[in-house]
Amino acid sequence: NYRIRLDLEFQPSMPDFEEYGKDASLLLELAPISLIPCSVFNFLEIARTWREGAFHRNAGHVLQARARSDITLPMPFQEYSAEYPHKLGTMG
């Protein structure tokens, strides 16, 4: 499986900024490319051409992020595999 590390920079307005500072990282492990090839490829392309992004919504069950890259394209279709279900701690 592919893994992508995002280096994050938080704003001083974060509640725990004084304790943890502005820098952190997030390691993402993607689903096997054999299960959802279009989704994995699309995400790798976004990561490869990354310009900027932000987390913009935390609604209890979902954390939404905005990504900007040089080739951000919409998914041509929804892709899902029962072998890699949506559950706590996964993205999709």
Side-chain angles (χ1 to χ4, degrees):
N1 296 2
Y2 291 98
R3 291 188 178 109
I4 297 170
R5 190 182 90 186
L6 300 174
D7 293 321
L8 307 172
E9 183 177 328
F10 293 103
Q11 298 176 357
S13 61
M14 295 296 290
D16 56 3
F17 184 85
E18 291 296 322
E19 184 178 356
Y20 294 107
K22 69 177 180 68
D23 297 315
S25 63
L26 179 64
L27 183 63
L28 304 173
E29 182 175 351
L30 305 182
I33 199 164
S34 60
L35 297 179
I36 49 173
C38 186
S39 297
V40 171
F41 176 79
N42 192 48
F43 195 85
L44 289 172
E45 286 297 285
I46 290 170
R48 185 179 66 82
T49 62
W50 184 266
R51 289 193 333 225
E52 66 178 9
F55 296 105
H56 67 88
R57 181 174 180 225
N58 186 354
H61 70 290
V62 64
L63 174 65
Q64 290 181 334
R66 172 182 50 87
R68 290 196 181 157
S69 77
D70 292 333
I71 57 165
T72 304
L73 298 172
M75 289 289 291
F77 53 88
Q78 289 190 356
E79 194 169 41
Y80 178 78
S81 171
E83 294 180 50
Y84 206 82
H86 295 162
K87 61 182 182 177
L88 184 63
T90 66
M91 59 183 230

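Worth knowing before you read on, the calculation uses all heavy atoms, side chains too, and leaves out hydrogens, waters and symmetry mates.
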- More than 12 foreign heavy atoms under 6.0 Å from OH of Tyr20: is that the case here?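 Check fails, neighbour count at 12 or below.
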Practice task
Starting from the C-alpha separation in whole Å, work towards a yes-or-no answer on side chain to side chain contact (heavy atoms under 4.5 Å, CB included) for Ser69 and Glu45.
Solution key: CA-CA 8 Å; Ser69 77; Glu45 286 297 285; over 6 Å; no
Closest non-hydrogen atom pair between Phe17 and Phe10, with its separation: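 Heavy atoms of Phe17 and Phe10 come nearest at CE1-O, 3.4 Å.
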Point to revise | Minimum heavy-atom distance Ser39-Glu79, with the two atoms named | key: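 Of all heavy-atom pairs spanning Ser39 and Glu79, the closest is N-OE1, 2.6 Å.
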Rounded to the nearest 0.5 Å, how far does [atom2] of [Y] lie from [atom1] of [X]?
X     : Y     : atom1 : atom2 : answer
Arg51 : Arg68 : CZ    : CZ    : 7.0 Å
Leu26 : Leu8  : CG    : CG    : 6.0 Å
Ile4  : Ser25 : CD1   : OG    : 13.5 Å
Ile46 : Asp70 : CD1   : CG    : 11.5 Å

Side chain to side chain donor-acceptor pair (under 3.5 Å) filter on Arg66, not counting sequence neighbours, yields none
Besides Tyr84, the hydrophobic cluster formed by Ile, Leu, Val, Met, Phe, Trp and Tyr side chains linked at under 4.5 Å, directly or via other members, contains Leu35
Any side-chain heavy-atom pair from Ile36 and Leu30 closer than 4.5 angstrom?
no
In the single-linkage hydrophobic clustering (I, L, V, M, F, W, Y; side-chain heavy atoms under 4.5 Å), do Phe41 and Tyr80 co-cluster?
->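 Not linked; separate clusters.
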Candidate pair Asp7 and Arg5, rule side chain to side chain contact (heavy atoms under 4.5 Å, CB included), full reasoning: CA-CA 6 Å; Asp7 293 321; Arg5 190 182 90 186; 2.9 Å; yes
